[in-house]
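Structure first, commentary second.
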Protein chains: 2
Amino acid sequence: MHRETLQRYMNYLLLLTKLKSEGRATVTSDELAVREGVTGSRVRQDLSALRILGKPRQGYRIADLEILISSMLDILSAKPVALVGIGNLGRALVLSDIWSHAGFDLVALFDADPAVIGTAVAGIPVRDAATMERFIQEQGIESACLALPADKAQAVADRLVNAGVRAFWNFALIDLDVPAGIIVENQRLEQGLMALSFRIAKRNSDQARGPQD
Amino acid sequence: MHRETLQRYMNYLLLLTKLKSEGRATVTSDELAVREGVTGSRVRQDLSALRILGKPRQGYRIADLEILISSMLDILSAKPVALVGIGNLGRALVLSDIWSHAGFDLVALFDADPAVIGTAVAGIPVRDAATMERFIQEQGIESACLALPADKAQAVADRLVNAGVRAFWNFALIDLDVPAGIIVENQRLEQGLMALSFRIAKRNSDQARGPQD
DNA sequence: CCGGTCTCGGTACCCGGTTATCGATTCTAC
DNA sequence: GTAGAATCGATAACCGGGTACCGAGACCGG
């Protein structure tokens with residue numbers, strides 16, 4: 001599955017949540033389509049691929065969509081995950097409610113700074129990074145979030161791989177070098193901002209040339 | 001330009017920076033290609049679209065690539081930007097060095113909490129959100145970063161649009177409703193984590209089925 | 001009950017992104 | 001200096017995601 005398609009599914013899910021909160025029970029493919037900038041055809045194909053069936057003149061049942069898309073993304077499970085790096089970013093992530101929404105259970109925090117070791121964030125104690133491998137191994141944790149400076153991320157990732165971690169959510173601005181089979185999902189904040197810069201430049205130059213196209 | 005293509009350019013840039021720090025002066029299209037999971041052909045077409053010329057048996061000059069890709073993304077300018085919401089996430093963003101790397105100059109911070117108003121982060125004073133419109137207007141700021149809870153983001157965005165902001169970098173997990181011509185770049189952290197969940201599920205099921213494909 | 005309309009499911013088509021290929025150019029080696 | 005290898009630039013071929021279309025089923029109004 002291509003990244004674009006995956007993103008569409010996640011956006012469907014976001015919109016479904018909103019619709020459900022408005023009391024809606026069904027959606028049509030065209031309704032989902034306009035929000036995504038695609039056609040109803042594409043949406044129907046997306047849903048068809050998940051074996052989701054709708055009814056003519058009625059649409060799709062929102063509850064069905066939510067369950068099937070969620071189970072495809074495997075966000076209904078509670079995979080244990082550890083977070084390394086209790087800086088401002090780390091704290092923000094710990095305090096957010098995204099973990100359970102994305103199928104994870106944040107079970108451990110690590111940092112190397114004695115000033116924060118022993119404190120707790122959102123009720124989760126911050127452990128000494130020196131004890132990281134043992135804890136990860138004992139708990140069988142296979143996912144980790146790296147909220148660290150770029151210069152420390154590779155070394156920590158290496159240690160975590162040795163301890164059994166097989167998937168990373170990486171906020172450090174480097175390309176992690178990991179063995180085959182280990183997943184790295186990079187969350188490049190910088191690229192979002194660059195994309196904004198590009199879109200601003202494009203809009204401004206388009207407007208300068210006039211709206212002839 | 002499609003999102004995928006834009007992402008490739010940004011990844012080229014990231015890799016170029018790394019190569020330059022290693023003392024390299026030129027790159028071949030194939031070198032750039034393998035990192036992106038595409039072919040040399042695609043890279044050559046990407047660079048050709050930017051009127052970048054290489055030399056046979058030598059490759060492209062890294063310095064040229066950096067300048068031309070950077071200018072296409074317009075990240076060499078210093079567009080003033082304001083950040084609203086001095087929570088943990090806001091602080092992390094302020095303290096990061098991404099702003100200048102992406103063509104922005106972070107010039108103002110706002111928050112509604114009296115406890116943080118008047119303090120400073122990275123040398124930038126935190127102003128009262130009540131004075132936001134006036135300051136934005138006076139300084140001619142046209143970009144803003146929203147590091148706020150979802151329930152406050154829309155109201156703040158509305159006020160900023162009225163004050164002249166025409167581009168948003170939005171971290172709140174909602175679809176902002178803005179007038180036509182106003183750019184919203186959503187940085188959906190949640191979706192990165194969901195994508196990781198999906199990739200883990202996919203890897204595990206693929207391995208269970210065996211590596212026959 | 002029946003025609004009209006709306007929306008789904010499936011199929012065929014299209015377009016543009018990606019790859020493959022080929023000639024041209026430049027560097028290396030002897 | 002010449003043969004050979006490497007890499008670019010350009011063009012053609014390919015492929016798959018996206019769209020358009022059509023028949024089928026379901027609700028609505030009379």
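Below, chain A is the first sequence line, B the second, and so on; all start at residue 1.
At whole-Å resolution of the value, CZ in Arg51(A) and P in dC8(C) are 19 Å apart. Asp30(B) places its CG atom 14 Å from the P atom of dT21(C), with the value rounded to the nearest Å. One interatomic measurement links the two molecules: OH of Tyr9(B) to C1' of dG17(C), which rounds to 13 Å at whole-angstrom precision. Here the P atom of nucleotide dT18(C) and the CD atom of Gln7(B) are 12 Å apart, to the nearest Å. Atom CE of Met1(B) and atom C1' of dG16(C) are 14 Å apart (whole Å). Atom CG of Leu65(A) is separated from atom P of dC8(C) by 10 Å (rounded to the nearest Å). Nucleotide dT7(D) holds its C1' atom 9 Å from the OH atom of Tyr60(B), rounded to whole Å.
At the phosphate of dC8(C), OP1 or OP2 sits under 4.0 Å from a side-chain N or O atom of Ser29(A). Note on Gln58(A): a side-chain N or O is less than 4.0 Å away from OP1 or OP2 of dC27(D).
Of the two residues near DNA chain D, Lys55(A) and Thr28(B), the one whose nearest nucleotide lies more 5' is Thr28(B).
Counting only distance, with no hydrogens or angles, the side chain of Ser21(A) and the backbone of Lys18(A) share a donor-acceptor pair below 3.5 Å. Using a distance-only test at 3.5 Å, with no hydrogens or angles considered, no donor-acceptor pair links the side chain of Arg203(B) to the main chain of Ala167(A). Looking only at distances, no side-chain donor or acceptor of Asn88(A) sits under 3.5 Å from a matching main-chain atom of Arg91(B). Side-chain atoms of Lys20(B) never come within 3.5 Å of backbone atoms of Ala63(B) as a donor-acceptor pair (strictly under, hydrogens ignored).
At a cut-off of 3.5 angstrom, counting only N and O atoms as typed in the model, there is a donor on one side and an acceptor on the other between the side-chain of Arg57(A) and the base of dT5(C).
Ion pairing between Arg188(B) and Asp175(B) holds under the 4.0 Å rule for side-chain N and carboxylate O.
Checking Gln154(A) against Asp158(A) by side-chain atom types alone, a donor-acceptor pair falls below 3.5 Å.
Contacts of Gly59(B) with the nucleic acid, taken as non-hydrogen atoms under 4.0 Å apart, involve only primed sugar atoms and P, OP1 or OP2.
Atom CZ of Arg24(A) has more than 12 heavy atoms from other residues, nucleotides or ligands within 6.0 Å.
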Point to revise | Contact state string [nucleotides 10-18 of chain D, B base, S sugar-phosphate only, - no protein heavy atom under 4.0 Å] | key: SBB----SB

